[in-house]
Amino acid sequence: MTETDTGTTVGTDTAQAWLDDLDAALAAGDAHAAAELFEPGGFWRDFLALTWNLKTMEGRDRICQMLAEMLPHIRPSGWTVEGKPTVADGVTECWVRFSTSAGSGWGYLRLRDGQAWTLLTTLQDLRGFEEKKGPRRDRGVVHEITRERTTWLERRQARERVLGHTEQPYCLVVGGGQGGIGLAARLARIGVPTIVVDKHEKAGDAWRHRYSSLHLHDPVWYDHMPYLPFPDDWPVFPAKDKIADWLMHYADIMELNYWAKTECRSAEWDEASGTWTVVVDRDGEEVTLHPTQLVFALGVSGYPRIPDFPGAETFRGRQHHSSDHAGGDDWAGKRAVVIGSNNSAHDICADLWEHGAEVTMVQRSSTHISRSESLMDLVLKPLYSEEALEAGITTEMADMLFASWPYRVLPEVQRPAFEEMADRDREFYDALEAAGFDLDFGEDGSGLFLKYLRRGSGYYIDVGASQLIIDGRVRLATGQVDHLTEDAVVLDNGARLPADLVVHATGYGSMNEWLADLISPDVADRVGKCWGYGSDTTRDPGPWEGELRNMWKPTNVENLWIHGGNLHQSRHYSKYLALQLKARMEGLPTPVFELEESHHSR
């Protein structure tokens, strides 16, 4: 037996012994004994399996509290090691399988000195309502010849004619981008009647209508859609039109009830009927829908945020938010000022420069920059790469491994990679600072992903625009905007930036802003701020919450849900949102542990 085999055997014995102790404590209903199996500061992160919530319990007292409340309802059992554990640096790690009263579970465990450091548990399916896949797939046709048989196409067209008219959807998804259609695909697989409404002419248009040079900044392995991964020859960084076409075909292939050219006008909860009354404009026709569940899937943020700069009304050129930037075609030889220094600002500066504009970026606060190649190599490569696939790490496993780190621990996990990045790319960063660019690696040095989770902004994945700043081809101005004149942006340090075009790359508000207009300000404030987890850093105020606010889980408003995030998050977390909706449709018990408090309004 080799040394590696010995370590694996010991790891398996250690992990299974711990799981046996956990199984025995849970079967006995002894929450205290189960909690004592964790380190005093250990973590149990749960997605639905025990809490019917997305929740992280920190420390033995919180774990004990959760178990004492939930064990009578959940009855977890059958805890077993899956595959071969790994043992390194005193930490034993392994995959875990288990069952609950609702369905099957999958998890990931880390042990130190015989006690649990972190445990992730997730509900994977609902017993009796599993996805129709593999051996459970539909036959597609009955091999009996009868008159007036209906074809697949006829049955699909019939469903489309009745749903939303003579029959109501159980779920209405507002927003038909990658998040909305990915969720709808999951709901379709488990038999939840769903309509997706989107204001664009066809799926993918939110990408299609952006400036022509836009490509994904995240690599392909990170961005697959549910059930239908990109082909293995798909570009690492596909163009926005390629993504747009993929989403358009995805909605059709997955047989989604996708209402294009449809805008949500209002929504109101009817307590008596237990349904929403949602008025939509479907290509000029007013349609009233009555779904039981209402999901807002409108991206990762709320309305575009445009500061009210003094003198803006006097500016004679053109102004628009970055979300409305269609491209630099009309700006050759013109002067453009882009206010902002994050992803969109850099992309738009590069687009305008490519089209011959004289471009100035206004940096108002420090920005984290990761070179794309370094980010892929140092941060994403272990989970999302060809090397990861060759090592047997599937997309589903990668999503779980990333989720297995509680947000309290994640900074210390991410920090070493970004420290190595700072050292590896020192010449690049020195050149940027010499050009006057104000850099940071996050308030605690934890880098890009923590900034994204905390505030959804404050970073740029460099795909070339940084060199334009280093070379001076894109001018850089730092400071706050004081006011606009007829033909310039004036900063608080007195700098005057002549402009024919001003682009406000100034970010977005919280997602619950949509609710204020479509439902009511009261509902928006009851739901509270979306995104961030209470890290008490810039734009992510405390108190500590430990999970992203209001995302993919029950909110303080009955039957109202928020779905969004990047392609990775939309793919992974749509699974848990779909399971929650299906369980409620089937009338299964879904006791929620600690419905989230609303600490912040809009």
Exercise for the section: Please say whether more than 12 non-hydrogen atoms of neighbouring residues, nucleotides or ligands are located less than 6.0 Å from NE2 in His32. Expected result: no

Exercise for the section: Determine, step by step, whether Gln65 and Asp61 satisfy the side-chain hydrogen bond (donor to acceptor under 3.5 Å, both in side chains) criterion, reporting the C-alpha distance in whole Å, the side-chain angles of both residues, the deciding distance to 0.1 Å, and the verdict. Expected result: CA-CA 6 Å; Gln65 178 187 357; Asp61 288 347; over 6 Å; no

Fill in the blank from the handout: Taken to the nearest 0.5 Å, the spacing of Leu298 CG from His563 NE2 works out to 10.5 Å

Practice task
Is it possible for you to check whether Arg454 lies under 6.0 Å from the centre of the six-membered ring of Tyr407, through NZ or CZ, and within 45° of that ring's axis?
Solution key: no

Exercise for the section: Report yes if the side chains of Met254 and Ile181 come closer than 4.5 Å at any heavy-atom pair, otherwise no. Expected result: no

Handout entry: Partner of Glu596 under salt bridge (Lys or Arg N to Asp or Glu O under 4.0 Å), chosen from Arg526, Lys553, Lys55
Key = Lys553

Problem - Within 6.0 angstrom of Asp444 CG, more than 12 heavy atoms from elsewhere - result: yes

Exercise for the section: Before accepting this row, confirm whether a basic side-chain N of the pair Glu36/Arg60 lies closer than 4.0 Å to the acidic partner's carboxylate O. Expected result: yes

Exercise for the section: Please state whether the rings of His568 and Phe402 are parallel, tilted or perpendicular, taking 30° and 60° as the class boundaries. Expected result: perpendicular

Fill in the blank from the handout: Heavy-atom closest pair (Gly177 atom, Asp198 atom, distance to 0.1 Å) is N-OD1, 4.0 Å

Practice task
Mind checking side chain to side chain contact (heavy atoms under 4.5 Å, CB included) for Arg127 and listing every partner two or more places apart, or none if nothing turns up?
Solution key: Ser99, Glu130

Exercise for the section: Check side chain to side chain contact (heavy atoms under 4.5 Å, CB included) between Asn559 and all other residues, then give those that pass, not counting sequence neighbours. Expected result: Trp269, Trp276, Thr292, Gln293

Problem - Non-hydrogen atoms of Pro291 and Cys171 that approach each other most closely - result: CB-C, 4.2 Å

Exercise for the section: Output yes when a side-chain donor or acceptor of Asp125 lies under 3.5 Å from a complementary backbone atom of Glu131, and no otherwise. Expected result: no

Exercise for the section: Please list, chain by chain and in numerical order, all residues satisfying side chain to side chain donor-acceptor pair (under 3.5 Å) with Ser574, sequence neighbours excluded. Expected result: Arg186

Practice task
Sort and list the pairs that fulfil side chain to side chain donor-acceptor pair (under 3.5 Å) and have at least one residue in residues 576-589, not counting sequence neighbours.
Solution key: His572-Tyr576, Lys582-Glu586

Exercise for the section: Please answer whether the main-chain N or O of Cys530 pairs with a side-chain N or O of Ser510 as donor and acceptor at a distance below 3.5 Å. Expected result: yes

Handout entry: CZ/Arg137: more than 12 non-hydrogen atoms of other groups inside 6.0 Å
Key = no

Exercise for the section: Please test Thr555 against Asn550 for side-chain hydrogen bond (donor to acceptor under 3.5 Å, both in side chains), starting from the C-alpha separation and ending with a verdict. Expected result: CA-CA 6 Å; Thr555 68; Asn550 290 307; 5.3 Å; no

Completion exercise
CG (Leu48) and OG1 (Thr590) are apart, to the nearest 0.5 Å, by 10.0 Å

Practice task
Please indicate whether Asp270 has more than 12 foreign heavy atoms, meaning atoms of other residues, nucleotides or ligands, lying under 6.0 Å from its CG.
Solution key: yes

Completion exercise
CG (Leu71) and OG1 (Thr100) are apart, to the nearest 0.5 Å, by 11.5 Å

Practice task
Sort out for me which residue in Asp522, Ile519, Asn556, Val557 forms a side-chain contact (heavy atoms from CB on, under 4.5 Å) with Val527.
Solution key: Val557

Handout entry: Cation-pi geometry met for Arg539 and Trp531 (6.0 Å, 45°)
Key = no

Practice task
Pick out which of Asn342, Asp540, Thr367, Asp440 makes a side chain to side chain donor-acceptor pair (under 3.5 Å) with Lys451.
Solution key: Asp440

Problem - Mutual orientation of the aromatic rings belonging to Tyr573 and Trp552 [parallel < 30°, tilted 30-60°, perpendicular > 60°] - result: parallel

Problem - Beyond-backbone contact of Pro85 with Thr12, side-chain heavy atoms, under 4.5 angstrom - result: yes

Problem - Distance under 6.0 Å and angle within 45° of ring axis: Arg189 vs Tyr227 - result: yes

Handout entry: Residue list, salt bridge (charged side-chain N to carboxylate O under 4.0 Å, His left out) with Glu268, at least two apart or on another chain
Key = none

Practice task
Output all residues satisfying side chain to side chain donor-acceptor pair (under 3.5 Å) with Asp30, sequence neighbours left out; order by chain, then residue number.
Solution key: none

Problem - Interatomic distance, Asp525 atom CG to Ser520 atom OG [nearest 0.5 angstrom] - result: 8.5 Å

Exercise for the section: Name all residues meeting the salt bridge (charged side-chain N to carboxylate O under 4.0 Å, His left out) criterion together with Arg97; count only those two or more places apart in sequence or in a different chain, and write none if there are none. Expected result: Glu82

Problem - Lys/Arg N to Asp/Glu carboxylate O, Glu396 vs Lys575, below 4.0 Å - result: no

Practice task
Return the orientation label for the Phe418 and Phe441 ring planes: parallel under 30°, perpendicular over 60°, tilted otherwise.
Solution key: perpendicular

Completion exercise
Of all heavy-atom pairs linking Gly565 and Gln178, the shortest is O-NE2, 4.4 Å

Fill in the blank from the handout: Tyr250 meets the side chain to side chain donor-acceptor pair (under 3.5 Å) criterion, sequence neighbours left out, with none

Problem - is_close_aromatic(Trp544, Tyr533), centroid dist under 6.0 Å - result: yes

Handout entry: Residue pair Glu594, Arg62: steps toward the salt bridge (Lys or Arg N to Asp or Glu O under 4.0 Å) verdict
Key = CA-CA 11 Å; Glu594 292 188 342; Arg62 290 284 290 137; 2.7 Å; yes

Exercise for the section: Applying salt bridge (charged side-chain N to carboxylate O under 4.0 Å, His left out), name anything that partners Glu419, two or more places apart in sequence or on another chain. Expected result: none

Exercise for the section: Taking the six-membered ring of Trp405 (Phe, Tyr or Trp), confirm whether the NZ or CZ of Arg110 is under 6.0 Å from its centre and within 45° of its axis. Expected result: yes

Completion exercise
Tightest non-hydrogen contact, residues Leu67 and Ala34, listed as CD1-CB, 3.6 Å

Exercise for the section: Only counting residues at least two apart or in another chain, list the ones meeting salt bridge (charged side-chain N to carboxylate O under 4.0 Å, His left out) with Lys529. Expected result: none

Problem - Separation between CZ of Arg45 and OH of Tyr108, rounded to the nearest 0.5 Å - result: 15.0 Å

Practice task
Return the set of residues passing side chain to side chain donor-acceptor pair (under 3.5 Å) with Asn257 (not counting sequence neighbours), or none when no residue passes.
Solution key: none

Exercise for the section: Could you name each residue pair satisfying ring pair (Phe, Tyr, Trp, His ring centres under 6.0 Å) that touches residues 48-80, not counting sequence neighbours? Expected result: Trp79-Phe98

Exercise for the section: Could you pull out the closest heavy-atom pair between Leu453 and Leu548, with the gap in Å? Expected result: O-CD2, 3.3 Å

Practice task
I would like to know whether Val523 and Leu560 meet side chain to side chain contact (heavy atoms under 4.5 Å, CB included); could you show each step before the answer?
Solution key: CA-CA 10 Å; Val523 163; Leu560 178 64; 3.8 Å; yes

Practice task
Could you pull out the closest heavy-atom pair between Tyr258 and Ala203, with the gap in Å?
Solution key: OH-CA, 3.3 Å

Practice task
May I ask you to test the Asp517-Glu513 pair for a side-chain heavy-atom distance under 4.5 Å?
Solution key: no

Exercise for the section: Give a yes or no on whether the ring-centroid distance for Phe230 and Trp221 is below 6.0 angstrom. Expected result: no

Practice task
Nearest 0.5 Å please: distance from the CD atom of Glu547 over to the OG1 atom of Thr51.
Solution key: 9.0 Å

